[in-house]
Amino acid sequence: NIKNISHFTGRNEKDLFYHANDGIGHYDGSDLKTIFKLDYNVGFSDAVIFEKDVYFVCPNLDKNIFIIVHGKLQ
């Protein structure tokens with residue numbers, strides 16, 4: 001659902017990551033897809049993107065902790 005998308009970050013208009021209602025999403029220029037599921041109480045607040053890696057900062061506000069999700073870029 002497009003209304004539940006927030007926190008966009010990415011390398012260009014055809015390679016965007018976003019916080020979806022069910023986890024970390026990716027937009028490839030034509031399709032929206034959840035690429036990593038997160039619990040309902042865990043969000044995606046920021047990302048650090050390198051040439052071949054991406055690290056997502058995902059706070060769990062219920063437990064007052066941060067989860068780091070590491071992904072490989074293609």
Side-chain angles (χ1 to χ4, degrees):
N1 186 340
I2 197 80
K3 293 185 289 186
N4 296 325
I5 294 175
S6 63
H7 303 295
F8 279 90
T9 189
R11 297 185 287 182
N12 59 57
E13 67 275 2
K14 292 185 178 181
D15 188 15
L16 294 173
F17 299 99
Y18 60 90
H19 177 213
N21 59 344
D22 61 347
I24 298 170
H26 183 259
Y27 177 68
D28 65 4
S30 61
D31 293 320
L32 298 170
K33 181 178 180 182
T34 300
I35 58 171
F36 190 84
K37 298 272 186 184
L38 293 170
D39 290 339
Y40 74 95
N41 57 342
V42 179
F44 154 42
S45 64
D46 204 358
V48 179
I49 302 172
F50 296 100
E51 186 176 334
K52 296 187 181 205
D53 297 282
V54 59
Y55 294 87
F56 299 97
V57 179
C58 303
N60 181 328
L61 301 178
D62 290 345
K63 296 181 180 180
N64 202 26
I65 61 171
F66 287 87
I67 299 166
I68 305 298
V69 177
H70 174 226
K72 293 286 189 180
L73 299 172
Q74 298 180 1

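- Hydrophobic cluster membership is shared by Val54 and Phe36, with clusters built from Ile, Leu, Val, Met, Phe, Trp and Tyr side chains linked at under 4.5 angstrom.
- Residue Tyr55 belongs to a hydrophobic cluster whose other members are Val48, Phe50, Val57, Phe66, Ile68, with links defined by side-chain heavy atoms closer than 4.5 Å.
- The minimum heavy-atom distance linking Gln74 with Arg11 is given by the pair O-NH2, 3.8 Å.
- In terms of heavy-atom proximity, Ala47 sits nearest to Thr9 at CB-CG2, 3.6 Å.
- Residue Leu32 is grouped with residue Leu16 when hydrophobic side chains (ILVMFWY) are merged at heavy-atom distances under 4.5 angstrom, including chains of intermediate members.
- Applying the side-chain contact (heavy atoms from CB on, under 4.5 Å) test to Lys52 and every residue at least two apart in sequence or in another chain returns nothing.
- Applying the salt bridge (Lys or Arg N to Asp or Glu O under 4.0 Å) rule to Lys72 yields the partners Asp53; only residues at least two apart in sequence or on another chain are considered.
- Note that CZ of Phe17 and NE2 of His7 are 16.0 Å apart. Values are rounded to the nearest 0.5 Å.
- Residue Leu73 is grouped with residue Ile24 when hydrophobic side chains (ILVMFWY) are merged at heavy-atom distances under 4.5 angstrom, including chains of intermediate members.
- In this structure, the side chains of Val69 and Phe44 stay at 4.5 Å or more apart for every pair of heavy atoms.
- Here the NE2-CZ distance, from His19 to Phe8, works out to 12.0 Å after rounding to the nearest 0.5 Å.
- Remark: Asn60 pairs with Asn41, Val42, Asp62, Lys63, Ile65 by the side-chain contact (heavy atoms from CB on, under 4.5 Å) rule, at least two apart or across chains.
- With values rounded to the nearest 0.5 angstrom, Ile35 atom CD1 is found 5.0 Å from Phe56 atom CZ.
- Applying the 6.0 Å contact sphere to CG of Asn12 captures more than 12 heavy atoms from other residues, nucleotides or ligands.
- Residues satisfying the side chain to side chain donor-acceptor pair (under 3.5 Å) test with Asp46, not counting sequence neighbours, are none.
- By the 4.5 Å heavy-atom criterion applied to side chains, His26 and Asp31 are not counted as neighbours.
- Closest approach of Ala20 and Thr34 over heavy atoms only: CB-OG1, 4.5 Å.
- Residues meeting the salt bridge (Lys or Arg N to Asp or Glu O under 4.0 Å) test with Asp39, sequence neighbours left out: none.
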